Amino acid sequence: MTIAWRLHLTNQAIQRVDILPGKPPLLGVWLARDRAAFFDLESGAQVGETPYKAPAVESRQSARWQEFVAGLTAPNGAALPVVRAGSTTIYTTEDGRMRLYVVGDELYLETDGKEVKLDTSEATFTTIGIDRFLGLIAALDEQFRLAIYQQHIRVGLFDTGLKAEDDAQPGVAVSNGGSAIFVTNSHEVVPMDSGGRVRKRLPVHYPVGRMACAPNGKLLLLSDAETGVIRAYSSDLTPTHQRHAIDLLQDAPQLQLIADLPPASAGVGALAVDNQGTVAFALSGVVCVTSLERMTPLPRPQPLL
């Protein structure tokens, strides 16, 4: 029996969901910029709701700030991947030993309590992804060039070949270990390696809304911003599964007696996937956990004889 459930949590759009490994595995749902609710990934039972209000401090080396960031964890002990604290966005590795602070156009990397300012010359970044295992950082700039950092060292600023069109929407997803880096301008998806080399190009016939990759990099999910279809691809960008998000949601058991469905026009506002093919997404204020097995498999291309 595959996991499937849905909950109507808020009348506001949910911006982020995180599948958090641990005992038990949890789903983190950001109900506001500074408030997250946590649910058992398998059953959907709520296990906690926590506000994360950043203290007003003059230095991130202060005891108050260090106490705050040390508490950025889920009830199962998992470090929260991304937290927005006022004007600062905090990215954290799985072991909690490395944090990336994004403050305006500047990046600061903290490792075991020691902070270093990263080289951000020649680029203004719009989207950032981080390898939560080793700490590789991938940052996409306004010209859709990709800066790669191996911890505090900038490897380079690389041309992705993506065009900065008027309606282009940037996206970055990074696997654990940095073996796969996926970037998009919403019209094309480009997988790159940790050395900045383009491995392939995938023009898509729909505007990409949300993008998420499994931690092992073997599964990529893209949402269609116009129709709400969620599409799954293997690591070589072969399409494997697809299904409308609203159909996946309606197929999942509702855990409340009374709940509203999202509006028909709602697009996928948040998306996450794990190595086992568990899929989590949000439509408006409704969150749904489902699996790849509940999506429609696509025929695999067969070699010509």
Side-chain angles (χ1 to χ4, degrees), residues 16-28 30 33-34 36 38 41 47-48 50-55 57-104 106-120 125 127-140 146-156 172-182 193-195 212-217 272-275:
R16 184 175 180 88
V17 295
D18 296 304
I19 296 175
L20 303 167
K23 295 183 179 179
L26 300 178
L27 180 72
W30 287 91
R33 285 178 61 89
D34 59 357
F38 301 94
L41 187 65
V47 297
T50 309
Y52 297 94
K53 187 169 180 59
V57 296
E58 293 183 1
S59 170
R60 287 190 292 272
Q61 301 305 309
S62 69
R64 285 187 67 202
W65 181 267
Q66 290 300 315
E67 182 181 2
F68 165 68
V69 294
L72 298 180
T73 58
N76 66 352
L80 300 177
V82 183
V83 176
R84 291 174 175 84
S87 59
T88 300
T89 302
I90 308 167
Y91 296 79
T92 306
T93 54
E94 286 184 352
D95 60 9
R97 296 179 59 187
M98 189 179 299
R99 296 184 185 90
L100 175 68
Y101 297 112
V102 182
V103 187
E106 297 179 334
L107 305 180
Y108 300 86
L109 187 67
E110 179 190 287
T111 307
D112 292 330
K114 183 180 179 180
E115 186 176 300
V116 176
K117 188 176 186 295
L118 301 186
D119 176 12
T120 57
F125 298 125
T127 309
I128 291 172
I130 185 170
D131 149 29
R132 299 197 67 222
F133 185 63
L134 296 178
L136 177 142
I137 299 161
L140 203 58
L146 187 73
I148 295 177
Y149 299 83
Q150 294 280 5
Q151 298 191 14
H152 64 281
I153 298 171
R154 188 160 92 170
V155 178
V172 178
V174 184
S175 70
N176 282 358
S179 59
I181 303 170
F182 299 96
D193 63 22
S194 58
C213 75
N216 62 13
V273 62
D274 68 9
N275 292 340

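Here the structure is a predicted model, which is why all the values come from computation and not from measurement. Residue numbers count from 1 along this sequence.
Taking every heavy atom of both residues into account, Ala78 and Leu20 meet most closely at CB-CB, 4.0 Å. In plain terms, the two heavy atoms of Ser194 and Ile148 that are nearest each other are O-CG2, 3.6 Å. Closest non-hydrogen pair, Ala85 versus Trp65, comes out as CB-CH2, 4.5 Å. Shortest non-hydrogen contact noted between Asn176 and Phe133 is CB-CB, 3.8 Å. Across Ala138 and Ile181, no two heavy atoms sit closer than the pair CB-CG2, 3.9 Å. Closest approach of Arg64 to Pro55, counting heavy atoms only: NH2-CB, 3.3 Å.
Between the CD atom of Gln151 and the CG atom of Asp131 there is a distance of 9.5 Å, given to the nearest 0.5 Å. One distance of note links CD1 of Ile137 with NE2 of His152; it measures 10.5 Å at 0.5 Å rounding. For the atom pair Gln61 CD and Glu115 CD, the distance stands at 5.5 Å (nearest 0.5 Å). The distance from the CZ atom of Arg99 to the CG atom of Leu72 is 7.0 Å, given to the nearest 0.5 Å. Summarising the geometry, atom CD belonging to Glu94 is positioned 10.0 Å from atom CG belonging to Leu134; distances are rounded to the nearest 0.5 Å. The distance from atom CG of Asp119 to atom CD1 of Ile153, rounded to the nearest 0.5 Å, is 11.5 Å.
The number of heavy atoms from other shown groups lying within 6.0 Å of CZ (Arg84) does not exceed 12. The 12-atom threshold is exceeded at OH of Tyr108, counting heavy atoms of other residues, nucleotides or ligands nearer than 6.0 Å.
With hydrogens and angles ignored, the 3.5 Å screen pairs no side-chain donor or acceptor of Glu110 with any backbone N or O of Val116. For the pair Arg132 (side chain) and Thr92 (backbone), a donor-acceptor distance under 3.5 Å is present. In this structure, Thr93 contributes its side chain and Met98 its backbone to a donor-acceptor pair below 3.5 Å. Judged by distance alone, the side chain of Thr127 and the main-chain N or O of Val172 form no donor-acceptor pair under 3.5 Å. Under the 3.5 Å distance criterion, the side-chain polar atoms of Asn275 are matched with a main-chain donor or acceptor of Asn216. Checking side-chain atoms of Tyr52 against main-chain N and O of Val69 turns up no donor-acceptor pair under 3.5 Å.
Residues Leu80 and Arg16 fail the side-chain proximity criterion, which asks for heavy atoms closer than 4.5 Å.
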Could you walk me through whether Arg60 and Val103 satisfy the side-chain contact (heavy atoms from CB on, under 4.5 Å) test, starting with their C-alpha distance in whole Å, then the side-chain angles of each, then the deciding distance to 0.1 Å, before giving a yes or no?
CA-CA 12 Å; Arg60 287 190 292 272; Val103 187; 3.8 Å; yes
Under the criterion side-chain contact (heavy atoms from CB on, under 4.5 Å), I'd like the reasoning laid out for Phe38 against Thr50: C-alpha separation, chi angles, the key distance, then a yes or no.
CA-CA 8 Å; Phe38 301 94; Thr50 309; 4.0 Å; yes
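The side-chain contact (heavy atoms from CB on, under 4.5 Å) test with Leu41 is passed by exactly one of Leu26, Asn76, Ile19: Ile19.
Between Phe125 and Tyr149, the ring planes are perpendicular. Angles over 60° get that label, and only those under 30° would be called parallel.
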